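Bear in mind the structure is a predicted one, so any value in this text is a computation, not a measurement.
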Amino acid sequence: MSETTTKRMEDIVALCRRRGFIFQSSEIYGGINGFWDYGPNGVELKRNLKDAWWGDIVHGDATGPTGADVKVVGVDCTIIMNPKTWVASGHVGGFNDPMVDCKESKSRYRADHLVCLGVKGDTSGQIFVCVDGDDDSTAKARKKLDKYLKRTVADEEIDTCPFADLSAEERAISVGPDAKEQGTLTEPRMFNLMFETHCGAIRDESSKAYLRPETAQGIFTNFNNIVDSSRVKIPFGIAQIGKAFRNEVTPRNFTFRSREFEQMELEFFIHPSEAEEWYAWWREQRYAWWKSIGLAGDNLILREHDRGELAHYAKEGAGTCDIEYRFPFTAPGFGELEGVAHRSDYDLRQHAEHCGKGDKMRYFDQQRNERYFPHVIEPSAGADRGTLALLCEAYTPDESRASKVYMKFHPRVAPVKAAIFPLVAKDGMPEVAEKLYKELRRKYAVDMDVKQSIGKRYARMDEAGTPYCFTIDGDSLTDHAVTVRERDTQSQERIAIDQVANFLADKIDGAPAAS
RNA sequence: GCGGGUGUAGCUCAGUGGUAGAGCGUCACGUUGCCAACGUGAAUGUCGGGCGUUCGAAUCGCCUCACCCGCUCCA
């Protein structure tokens, strides 16, 4: 990473603090790793992002690839759910045992279930790992061993030992049960990224509960409730915005990897035969959306996953992609903003199996006269990551300005849409400004500032990313017009004071997408 | 988890054992005539935190926390 990009992230963090976007959580006590607070400007920015998402997803008027209306309803589910939810979803699996991951096959194994095969007395060659007691896995390892030694190894030559006993050097020459390359197995480690708590006063195993690590499961567990109560018909979606928690090993990169974060998730339910076209459609839709709120150009990419990195349930599906942004701390690489995944019918099936109400999780399609588990296309976005991307994208150094930097937010997400200034605080100008301010603030987040020089007030608004300033001067009292100062160009034009609200409406809602 | 760096006012920093400072910003009053103007005045500090050494610690030692960077990791 170059020095300039390093410097820049520090500058962005400093501005976030200086202008009230983001603070460290509980800072007066020294902060806490992985938790961040939003200040007055930050909460407006993040809320604008979430409102834009909700407005476009839930209240949108899109037509899907099959010609169907894109019908979406919302939910707001609890953070603490019945712990069985997380057993069904796979989040609790092997939680009390050390686990080993394979970087090649993406499989996860219980460390105490893995054994190593080698030839007695031979310490130089590769070690082949298999799942203890699993005949297929053992046979596979034996075959790999034979191939490696270019001969058939007799049973009595075989030496075994627990995988957990291996040193780091030995792990480096080990080949995983489902791998071809050596050294793809991680060291055994306890693996539970869920925060735990207890319901009720008694703290024992039976009262244990988890803070949700994703919002999606609240949607899946309510699937039949919504089908029964909302008259929705496939294809349709269920959307949720809410907090999720992951006890990350290494929170890092400002708010990018936080332990408490907010997700904007949509689960879109479709007939299995239409998965491919809906997946492709959502992928393009979501990519275009991020562009529309101001993430332009080379910093935003859509990256289709390789087959190798797909989750097990997605292997046979239509695909998975990430929408990624080039953050200063990932440059020249990218960091994930949103994942769009075809999850097939994995989640609904899992819950059907675990909850014992299998039929309830299936959908009866009147038109097709068919009962089936719908497939799911899941666009899952991070609200905090999105907010951070907006901040990074907006940050624009400009040595020619008094502020040395300005925040180039799209008007739709800008925390403050406009500021109203009397040019000087006399001759009736403050009164006119006050009247305009009161009129506008009913509808928009606007600021009024009477004090100090006009240049200083413009500079402050540049740093907060306010796109427009309306200045009332001596002539305004007679010609009923104000000067609009535009943030990005610093240009000025004069418009009628009774057209200010229309001007803003046009800029905020009718503003063209970033090029 | 490993390694490197940083931590003094909102920001940039000075202060290397003896009364915590400067510039910018912020606020108040005055002045003002479109880009951090000017004058006068004011407020602002657990010197990241704790323990220790010392008559005395921002300064020395130990521990710890947080942030940034490079690895690792990211179900």
Side-chain angles (χ1 to χ4, degrees), chain A residues 1-3 5-20 22-36 39 86 89-95 99-103 106-109 168 186-187 189-194 213-214 246-259 261 309 311-313 328-330 335-336 339 398 400-406 419 421-427 429 449-463 469-476 482-487 489-494:
Chain A
M1 187 170 299
S2 74
E3 194 149 320
T5 48
T6 303
K7 183 106 166 82
R8 203 180 145 216
M9 197 56 216
E10 282 174 3
D11 292 344
I12 292 169
V13 173
L15 180 136
C16 283
R17 174 186 172 69
R18 189 165 70 241
R19 286 295 152 198
I22 297 172
F23 307 119
Q24 252 188 297
S25 169
S26 32
E27 191 193 68
I28 60 167
Y29 292 106
I32 176 165
N33 195 353
F35 297 88
W36 301 90
W86 309 113
S89 70
H91 287 83
V92 176
F95 142 66
M99 304 296 285
V100 173
D101 285 323
C102 177
K103 293 171 197 167
K106 306 287 172 195
S107 305
R108 169 163 293 170
Y109 314 95
T186 64
E187 62 185 314
R189 57 207 167 159
M190 296 301 278
F191 213 80
N192 184 12
L193 273 67
M194 284 196 290
E214 63 177 29
R246 293 183 199 182
N247 205 352
E248 297 285 356
V249 178
T250 316
R252 196 57 87 80
N253 291 331
F254 202 27
T255 59
F256 184 79
R257 177 167 294 129
S258 303
R259 289 183 166 136
F261 57 99
E309 62 182 310
H312 52 101
Y313 54 76
F329 48 80
T330 60
E336 183 186 348
D398 181 353
S400 73
R401 294 191 188 219
S403 57
K404 305 295 183 204
V405 62
Y406 66 105
F421 301 146
L423 184 57
V424 288
K426 62 177 187 183
D427 299 339
M429 295 179 219
D449 198 346
V450 179
K451 300 290 177 68
Q452 296 176 321
S453 76
I454 192 73
K456 185 175 279 198
R457 286 177 280 167
Y458 284 153
R460 277 199 285 247
M461 287 301 146
D462 278 350
E463 259 199 338
C469 295
F470 301 108
T471 302
I472 285 93
D473 59 24
D475 295 336
S476 300
V482 298
T483 302
V484 187
R485 183 262 193 186
E486 208 271 331
R487 176 195 64 206
T489 60
Q490 299 175 276
S491 63
Q492 303 192 343
E493 66 173 305
R494 202 151 173 89

Opposite nucleotide pairing with [N], Watson-Crick or G-U, both atom distances under 3.5 Å:
| N | value |
| --- | --- |
| U19(B) | none |
| G70(B) | C2(B) |
| C24(B) | G10(B) |
| A36(B) | none |
| C47(B) | none |
| G52(B) | C60(B) |

Check your understanding: Does the ring center of F256(A) lie less than 6.0 Å from the ring center of F329(A)?
Key ->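 Here the rings of F329(A) and F256(A) have centres that are less than 6.0 Å from each other.
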Exercise for review: Give G34(A) one of three labels, base, sugar-phosphate or nothing, depending on what nucleic acid heavy atoms sit under 4.0 Å from its own.
Suggested key: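 Sugar-phosphate, backbone atoms only, no base.
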Practice item. Select base, sugar-phosphate, or nothing to describe what F421(A) touches, counting heavy atoms under 4.0 Å on all strands. Key: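 No contact at all - F421(A) keeps every heavy atom at 4.0 Å or more from the nucleic acid.
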Could you tell me how far [M] sits from [N] if I compare only their [atom1] atoms? Round to whole Å.
| N | M | atom1 | answer |
| --- | --- | --- | --- |
| G50(B) | U8(B) | P | 16 Å |
| A28(B) | U19(B) | C1' | 29 Å |
| C67(B) | C11(B) | P | 16 Å |
| C2(B) | U26(B) | C1' | 43 Å |
| C34(B) | G15(B) | C1' | 42 Å |
| G25(B) | A43(B) | C1' | 13 Å |
| A20(B) | C47(B) | P | 11 Å |
| G10(B) | G45(B) | P | 8 Å |

Check your understanding: Between F421(A) and Y458(A), how do the two ring planes meet: parallel, tilted or perpendicular, split at 30° and 60°?
Key ->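 Aromatic pair F421(A)/Y458(A) classed tilted.
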Between [N] atom [atom2] and [X] atom [atom1], what is the distance in whole Å?
| X | N | atom1 | atom2 | result |
| --- | --- | --- | --- | --- |
| Q24(A) | G7(B) | CD | C1' | 11 Å |
| L15(A) | G10(B) | CG | P | 16 Å |
| W36(A) | C67(B) | CH2 | C1' | 7 Å |
| E248(A) | C67(B) | CD | P | 14 Å |
| E27(A) | G49(B) | CD | P | 12 Å |
| R17(A) | C68(B) | CZ | P | 14 Å |
| E10(A) | G70(B) | CD | P | 11 Å |
| I12(A) | C11(B) | CD1 | P | 17 Å |

Practice item. Report yes if a side-chain nitrogen or oxygen of N253(A) is closer than 4.0 Å to either non-bridging phosphate oxygen (OP1 or OP2) of C68(B); otherwise report no. Key: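 No, because none of the side-chain N or O atoms of N253(A) sits under 4.0 Å from OP1 or OP2 of C68(B).
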Review point. Under 4.0 Å between a side-chain N/O of K451(A) and OP1 or OP2 of A28(B), yes or no?
Key: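 Yes.
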**Study point:** Closest to side chain of R246(A), choosing from C69(B), A66(B), A75(B)
**Key:**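 Closest nucleotide among those given: A75(B).
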Exercise for review: State which residue, out of T483(A), V482(A), D473(A), fulfils the side chain to side chain contact (heavy atoms under 4.5 Å, CB included) condition with L423(A).
Suggested key: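 In the set T483(A), V482(A), D473(A), the residue that makes a side chain to side chain contact (heavy atoms under 4.5 Å, CB included) with L423(A) is D473(A).
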Check your understanding: Which value, rounded to the nearest 0.5 Å, describes the distance between E27(A) atom CD and I32(A) atom CD1?
Key ->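 The CD atom of E27(A) sits 13.5 Å away from the CD1 atom of I32(A).
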Point to revise | Separation of D462(A) CG from R401(A) CZ (nearest 0.5 Å) | key: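 The CZ atom of R401(A) sits 4.5 Å away from the CG atom of D462(A).
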Of all heavy-atom pairs between [X] and [Y], which one has the smallest distance, and what is that distance?
| X | Y | answer |
| --- | --- | --- |
| R259(A) | F35(A) | CB-CZ, 3.6 Å |
| V450(A) | R457(A) | O-NH1, 3.6 Å |
| A402(A) | A459(A) | CB-CB, 4.1 Å |

Check your understanding: Reading nucleotides 32-39 of chain B from the 5' end, what letters show protein touch, with B for base, S for backbone sugar-phosphate only, - for no heavy atom under 4.0 Å?
Key -> BBBBBB--
Point to revise | Residue list, ring pair (Phe, Tyr, Trp, His ring centres under 6.0 Å) with F254(A), at least two apart or on another chain | key: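 Applying ring pair (Phe, Tyr, Trp, His ring centres under 6.0 Å) to F254(A) gives W36(A).
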